There are 2 protein chains.
Amino acid sequence: MSLESVPPKYAQLVQALQRRIESGTYQPGSLLPSEHQLIAEFGVSRPTVVAALRVLREQGWIESQQGKGRFVRGRPAMAAVESNRRGQAYLTSPETDSPGELVEAGAVALPNRVATLLDTQPKSRAFLRRRLVTRDGEPTELVSLWLPLELSEGTDLTSGEPLPQGIREHLKARKGVRFDHIVEQITARMPTAGEAKQLGMPKNVPLLAVFGAVRDASGRPLVVVEVLLPADRHELEDAYPVT
Amino acid sequence: MSLESVPPKYAQLVQALQRRIESGTYQPGSLLPSEHQLIAEFGVSRPTVVAALRVLREQGWIESQQGKGRFVRGRPAMAAVESNRRGQAYLTSPETDSPGELVEAGAVALPNRVATLLDTQPKSRAFLRRRLVTRDGEPTELVSLWLPLELSEGTDLTSGEPLPQGIREHLKARKGVRFDHIVEQITARMPTAGEAKQLGMPKNVPLLAVFGAVRDASGRPLVVVEVLLPADRHELEDAYPVT
DNA sequence: ACCCGACAGGTTGTTTTACCAAGTTTGAGC
DNA sequence: GCTCAAACTTGGTAAAACAACCTGTCGGGT
């Protein structure tokens, strides 16, 4: 009676083949053993082998060609690029993890762009929570969070205290909403006098403005995050496959 | 004798179920018919049904719960957001599709950032091809393409003529290289005097600079694309799932 | 009357055996 | 040298069985 559940056979096969590719046993460009050979070596049936190879192909480790065989591509290089999405971190990790100070928390009239992203009438009101994040004691990013009023009620976001929990978990626990994906808009503009002062940046350096509209699986907007970054100190990096 | 190859049954099932979800026959949140019911209705075997449902789950249309059934999530909202990646279009569609003029084509010393992205020594030389893209007769974007010299030899990129073919196809046909993914860096800065003049923009408006390092499957950099956008006229949009 | 556990019948997840189709390579035979 | 069939490869379909999980119902016990 094993309390630990063993992974299914096809998943074990996936891991075994990944290890062999990473260790160089299977060189990139070479031909992988055929289905029949893998069946003989691992003692499993053909559908099991096929299931494992399908996973590897979908993850980009190998590619297959009908009639010829399956070729090793190597460890997918995309996985090595850590996607550095600014909005993500502030939604999942607790505010107490990133030092900073709360500069605003209360109901405000929505800017046009945020109203559009939230799918509400312009000038309607929503809850705004804005933090100035510091790194090494210096202010570096201005992070704003807009929530519809009905979503902010009954949460700890309206308090002036830093959240000891990720915003994503907090909203799921209190309001039952589930984040699914983010639509991101990136623009650049000159800082206002107030922003330049808060961020301690020269007035002739542009700001990178990242707007992230967080939506549920049906596409309904839940929250909008805005991250303002002085462009001389930050840049955004990301990776994606060529279609 | 059908010359057209019919799609496999599981793919037909995928399409049929997608249509029903989109048309509202299967409402989001509701329970999908069980495997047994789908087998009876479509007259296929269980592995075929399971294969179709696996595709739908991986694409985000449904989610499954062992012991209960499969629930409709709806058309994945991510698919509705057209990913608007600036670098992509210039790599795949022919230059003759986007009006503009070639402003530079020849070997130059690499800027530091591009040399880093191409994984070469700083100040080494590479081929630069720069185009000023116009929309509605107005200049809007400055697109630069850097290639290692050995990759530009024997291609039509060194000529002053617009390519009647996508760069991706051209390089694959002539040099046998295959684009796999792009590592993208986004920054903002003030335009130089020359850039402001070429783009016909005010000097106090920042530029969005998008650097895209195109790599093959092993992560080796092939080409670097730079797109310069006046920030008052363009913004970048993208969507990605919450992990 | 109420509670709780056993059990039956539903669901999806995993594995096996079997067969046919389609693409590629090889080599035997002409 | 050429043709073509055989033998390899992966892709797809069918039928069956077992395991794991959920949800009722039907008991028996308190």
Side-chain angles (χ1 to χ4, degrees), chain A residues 1-18 20-21 26-74 217, chain B residues 1-18 20-21 26-73 176 217:
Chain A
M1 8 190 293
S2 65
L3 294 180
E4 328 222 340
S5 60
V6 294
K9 286 186 184 177
Y10 76 93
Q12 296 179 28
L13 226 180
V14 166
Q15 291 192 343
L17 295 176
Q18 283 175 341
R20 291 191 184 179
I21 293 176
Y26 295 154
Q27 289 290 330
S30 68
L31 211 51
L32 213 63
S34 73
E35 295 177 0
H36 184 67
Q37 290 172 303
L38 292 175
I39 290 169
E41 177 179 354
F42 289 92
V44 295
S45 71
R46 183 165 175 248
T48 303
V49 170
V50 171
L53 294 173
R54 178 177 48 73
V55 171
L56 288 175
R57 185 182 50 185
E58 287 169 353
Q59 292 184 356
W61 292 75
I62 63 176
E63 55 189 84
S64 59
Q65 212 169 325
Q66 196 177 35
K68 296 188 71 171
R70 291 180 166 97
F71 296 88
V72 180
R73 291 183 57 182
Chain B
M1 298 280 295
S2 66
L3 294 180
E4 329 225 340
S5 61
V6 293
K9 286 188 185 176
Y10 78 92
Q12 296 180 29
L13 225 181
V14 166
Q15 291 192 341
L17 295 177
Q18 284 174 341
R20 291 192 184 178
I21 292 176
Y26 295 154
Q27 289 290 331
S30 69
L31 211 51
L32 213 63
S34 73
E35 295 178 2
H36 183 68
Q37 290 172 303
L38 292 175
I39 291 169
E41 177 179 355
F42 289 91
V44 295
S45 71
R46 182 158 179 247
T48 303
V49 170
V50 170
L53 294 172
R54 178 177 49 72
V55 171
L56 288 176
R57 185 182 50 185
E58 285 169 354
Q59 293 185 354
W61 291 76
I62 63 177
E63 55 190 85
S64 58
Q65 215 167 323
Q66 196 177 37
K68 297 189 71 172
R70 292 180 164 94
F71 295 88
V72 180
R73 290 185 59 183

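Residue numbers begin at 1 in each chain, while the letters A, B, ... track the order of the sequences. Computed from a predicted model, the values in this text were never measured in an experiment.
When distances are taken from the side chain of B/K9 to each of C/dT16, D/dA14, D/dG11, the shortest belongs to D/dA14. For A/P8, taking side-chain heavy atoms from C-beta onward, the closest of the listed nucleotides C/dT16, C/dG23, C/dT14 is C/dT14. Nearest to the side-chain atoms of A/K68 among the listed nucleotides C/dT14, D/dG11, C/dT25 stands C/dT25. Across D/dA15, D/dT23, D/dT10, the shortest atom-to-atom separation from the side chain of A/S34 is found for D/dT10. Counting only heavy atoms from C-beta on, A/Q66 has its side chain closest to C/dG23 among C/dG23, D/dA19, D/dA14.
Atom CD in A/E35 sits roughly 13 Å away from atom C1' in C/dA22 (whole-Å rounding). Distance, A/L56 CG to D/dT10 P: 13 Å, rounded to whole Å. Distance B/L53 CG to D/dT13 P: 14 Å, rounded to the nearest Å. Between B/R46 atom CZ and D/dG12 atom P there is a gap of 19 Å when expressed in whole angstrom units. Across the protein-nucleic acid pair, B/F71 atom CZ and D/dC21 atom C1' stand 13 Å apart, rounded to whole Å. For the pair A/L32 CG and D/dT9 P, the computed distance is 12 Å after rounding to whole Å. Residue B/I39 contributes atom CD1, which lies 10 Å from atom C1' of D/dA14 at whole-angstrom precision. Rounded to whole angstrom, the span from the CZ atom of B/R70 across to the P atom of D/dC22 amounts to 15 Å.
Nucleic acid contact class of B/R57 (heavy atoms, under 4.0 Å, all strands): sugar-phosphate only. At the heavy-atom level, B/V44 lies under 4.0 Å from the strands shown only through sugar-phosphate atoms.
Phosphate contact (OP1/OP2 of C/dT11, side-chain N/O of B/S64, threshold under 4.0 Å): absent. Between D/dG12 and B/Y10, a contact under 4.0 Å exists linking OP1 or OP2 to a side-chain N or O. Look at B/T48 and you'll find a side-chain N or O under 4.0 angstrom from OP1 or OP2 of D/dA14.
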One pair to check against side-chain contact (heavy atoms from CB on, under 4.5 Å): A/L17 and A/Y26. What are the steps and the verdict? CA-CA 9 Å; A/L17 295 176; A/Y26 295 154; 3.8 Å; yes
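Under a 3.5 Å cut-off, the side chain of B/Q37 and the backbone N or O of B/S34 do form a donor-acceptor pair. For A/E58 (side chain) and A/V55 (main-chain N/O), no donor-acceptor pair under 3.5 Å exists by modelled atom type.
Comparing B/P33 and A/G43, the nucleotide of DNA chain C nearest to each residue sits closer to the 5' end for B/P33. For A/G69 and A/P47, each mapped to the nucleotide of DNA chain D holding its nearest heavy atom, the one lying further toward the 5' end belongs to A/G69.
Between B/L31 and B/F71, the closest side-chain pair of non-hydrogen atoms falls below 4.5 Å.
When all heavy atoms of A/R70 and A/S64 are compared, the pair lying nearest together is CG-CB, 3.6 Å.
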